[in-house]
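For the numbers below, each heavy atom of this structure counts, side chains included, while hydrogens, waters and symmetry mates do not.
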Amino acid sequence: MRESKKIVFDEAIIVGGKPVDEVTMRVPKGKDLRAVSHVTNDVERDFQMISNLCDINASIDDFDEFGAKEIIQLQTALQGFLLPTVKK
């Protein structure tokens, strides 16, 4: 079974006015996909899912202020859960 992923940032992100150095992203479930199925913008859908999976309650305004490097870290972790793994 897949496990949660810990994401450590080089520079803290600000969520709700407070610095956050790291987050743990839990494994998404079907209910998480359903919760964002109405969001048509791919980036906003990623942001909403990341916020839900990391339990950071970040708003779109918070995400707008995150550094690109930290956003890519979060999106990469999310994609790691969503894309199939290749077995050797």
Side-chain angles (χ1 to χ4, degrees):
M1 179 153 183
R2 291 176 296 168
E3 296 183 17
S4 299
K5 294 181 182 180
K6 184 177 182 179
I7 299 115
V8 179
F9 304 114
D10 289 337
E11 293 190 26
I13 58 174
I14 304 300
V15 179
K18 297 179 183 175
V20 176
D21 296 309
E22 64 183 45
V23 295
T24 300
M25 185 180 292
R26 67 176 175 78
V27 177
K29 298 180 179 182
K31 64 182 179 181
D32 299 306
L33 296 173
R34 196 164 36 90
V36 298
S37 64
H38 68 284
V39 181
T40 57
N41 181 291
D42 292 341
V43 173
E44 288 184 15
R45 185 174 46 244
D46 280 359
F47 288 176
Q48 184 61 53
M49 185 169 268
I50 290 166
S51 181
N52 294 345
L53 296 176
C54 294
D55 243 0
I56 56 175
N57 296 317
S59 69
I60 292 299
D61 290 336
D62 288 327
F63 276 99
D64 284 346
E65 297 304 318
F66 291 177
K69 181 178 180 180
E70 289 73 31
I71 289 172
I72 297 299
Q73 282 181 272
L74 291 164
Q75 287 179 313
T76 300
L78 176 62
Q79 290 304 312
F81 284 128
L82 300 178
L83 298 175
T85 52
V86 178
K87 294 185 179 185
K88 295 180 182 182

For the CE atom of Met25 and the CZ atom of Phe81, what is their distance to the nearest 0.5 Å?
7.0 Å

Under 3.5 Å: donor-acceptor pair, side chain of Asp62, backbone of Ser59:
yes

Is the number of heavy atoms from other residues, nucleotides or ligands within 6.0 Å of CD (Gln79) greater than 12?
yes

Hey, could you give me the CG/CG distance between Asn52 and Asn57, rounded to the nearest 0.5 Å?
8.0 Å

Please report the interatomic distance CD(Glu44) to CG(Asp46), rounded to the nearest 0.5 Å.
10.5 Å

How long is the span from the CZ atom in Phe9 to the CD atom in Glu22, to the nearest 0.5 Å?
9.0 Å

Please report the closest heavy-atom contact between Met49 and Leu33, naming both atoms and the distance.
CE-CD2, 3.4 Å

If every non-hydrogen atom of Cys54 is compared with every non-hydrogen atom of Leu74, which pair is closest and at what distance?
SG-CD2, 4.4 Å

Could you report the tightest heavy-atom contact between Thr24 and Ser4, atom names first, then the distance?
CG2-CB, 3.6 Å

Strictly distance-based, threshold 3.5 Å: is any side-chain N or O of Gln73 a donor or acceptor partner for the main-chain N or O of Val8?
yes

Which heavy-atom pair separates Ser51 from Ala58 by the least distance, and what is that distance?
OG-N, 2.9 Å

Is Asp32 paired with Lys29 through a side-chain N to carboxylate O contact shorter than 4.0 Å?
no

Looking only at heavy atoms, the pair that brings Val39 and Arg45 closest together is O-NH1, 2.7 Å

Hey, any chance Ile60 and Ile50 share a hydrophobic cluster, counting ILVMFWY side chains that come within less than 4.5 Å of each other, even indirectly?
yes

Tell me whether Val43 is reachable from Leu82 by hopping between hydrophobic residues (I, L, V, M, F, W, Y) whose side-chain heavy atoms are closer than 4.5 Å.
yes

Stepwise side chain to side chain contact (heavy atoms under 4.5 Å, CB included) check, Glu65 with Ile14:
CA-CA 8 Å; Glu65 297 304 318; Ile14 304 300; over 6 Å; no

Heavy atoms of Leu78 and Leu53 approach each other most closely as CD1-CD1, 3.6 Å

Within this structure, what is the CD1-CD distance for the pair Ile13 and Glu70, rounded to the nearest 0.5 Å?
7.5 Å

Do Phe47 and Ile71 pass the side chain to side chain contact (heavy atoms under 4.5 Å, CB included) test, and can you show the C-alpha distance, the side-chain angles, and the key distance before you say yes or no?
CA-CA 9 Å; Phe47 288 176; Ile71 289 172; 3.8 Å; yes

A side-chain contact here means heavy atoms from C-beta on lying under 4.5 Å apart; do Val15 and Phe66 qualify?
yes

